[in-house]
Engineer: 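My questions all concern the structure below.
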Amino acid sequence: MNLRRDVFQAIADPTRRSILALVAAQSMTAGAIASNFDTARPTVSKHIQILTECELLTSEQKGREIIYHLNPQKMKEIADFIEPFRKMWEERFNSLETIMKNYKNKN
């Protein structure tokens, strides 16, 4: 049975978000990624596997090493999904700020 992982469940984990931030700055091997964490290497490898299954990371074989890269297209899909919500909350906060300024000026 082929279960597809949910990208939002993947990025909900703080370790996986940290891995994405690391790899966004520079493509890395699993060992280089793992060296940034105090957890066991197999645990980090599992996180990398989940991110790869969700297509947030891509892998490239270079000799004996596998280099992980951020998949910007998949990250854009997430950002595009979140954008309408961000705009909605920004509008609400701006409205609240206006109300608070008016309230403050009256007092």
Engineer: In chain order, what residues pass the side-chain hydrogen bond (donor to acceptor under 3.5 Å, both in side chains) check against N105, with sequence neighbours excluded?
Structural biologist: none
Engineer: Do the side chain of R16 and the main chain of I11 share a donor and acceptor less than 3.5 angstrom apart?
Structural biologist: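 Such a contact is absent between R16 side chain and I11 backbone.
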Engineer: Would you confirm whether D13, through its side chain, and Q9, through its main-chain N or O, come within 3.5 Å as a donor-acceptor pair?
Structural biologist: no
Engineer: Quick check: is I50 connected to I33 through a chain of hydrophobic side chains (ILVMFWY, heavy atoms under 4.5 Å apart)?
Structural biologist: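 No; tracing contacts between hydrophobic side chains, which count when under 4.5 Å, never links both residues.
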Engineer: Apply the side-chain contact (heavy atoms from CB on, under 4.5 Å) test between L20 and each candidate in L51, N71, T15; give the one that qualifies.
Structural biologist: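 Exactly one pass, corresponding to L51.
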Engineer: Tabulate below the donor-acceptor pairs under 3.5 Å that side-chain atoms of residues 37-46 make, not counting sequence neighbours, or state none.
Structural biologist:
| unit_1 | atom_1 | unit_2 | atom_2 | d |
| --- | --- | --- | --- | --- |
| S45 | OG | R41 | O | 3.2 |

Engineer: Take N36 and M28, measure what side chain to side chain contact (heavy atoms under 4.5 Å, CB included) needs, and give me the verdict at the end.
Structural biologist: CA-CA 11 Å; N36 288 277; M28 306 172 116; 3.9 Å; yes
Engineer: Kindly compute the distance separating CD1 (I78) from NZ (K74), expressed to the nearest 0.5 Å.
Structural biologist: 7.0 Å
Engineer: Can you sort out the partners of E90 under side-chain hydrogen bond (donor to acceptor under 3.5 Å, both in side chains), two or more places apart, ordered by chain and number?
Structural biologist: R86
Engineer: Tell me which pairs pass ring pair (Phe, Tyr, Trp, His ring centres under 6.0 Å) where either residue lies in residues 45-88, with sequence neighbours left out.
Structural biologist: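 Sorted result for residues 45-88: F8-F81, F81-F85.
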Engineer: Output the distance between atom CD (E97) and atom CG (N102), rounded to the nearest 0.5 Å.
Structural biologist: 10.5 Å
Engineer: According to side-chain hydrogen bond (donor to acceptor under 3.5 Å, both in side chains), who are the partners of R64, at least two apart in sequence or on a separate chain?
Structural biologist: none
Engineer: Going by the rule side-chain hydrogen bond (donor to acceptor under 3.5 Å, both in side chains), which residues pair with K104 if we only count those two or more places apart in sequence or in a different chain?
Structural biologist: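 Here no residue qualifies.
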Engineer: Should M75 and L56 count as side-chain neighbours, where that means a heavy-atom distance under 4.5 Å?
Structural biologist: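 Yes; the side chains approach each other to less than 4.5 Å.
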Engineer: Cluster question for you: counting only ILVMFWY and a side-chain heavy-atom cut-off of under 4.5 Å, with indirect links fine, are L57 and I67 together?
Structural biologist: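 Per the 4.5 Å side-chain linkage, L57 and I67 are not co-clustered.
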Engineer: Do other residues, nucleotides or ligands put more than 12 heavy atoms under 6.0 Å from the CD atom of E65?
Structural biologist: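 No - once you tally the heavy atoms of other residues, nucleotides and ligands closer than 6.0 Å, there are 12 at most.
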Engineer: Find out if a path of hydrophobic residues (ILVMFWY) with successive side-chain heavy-atom gaps under 4.5 Å connects F93 to M88.
Structural biologist: yes
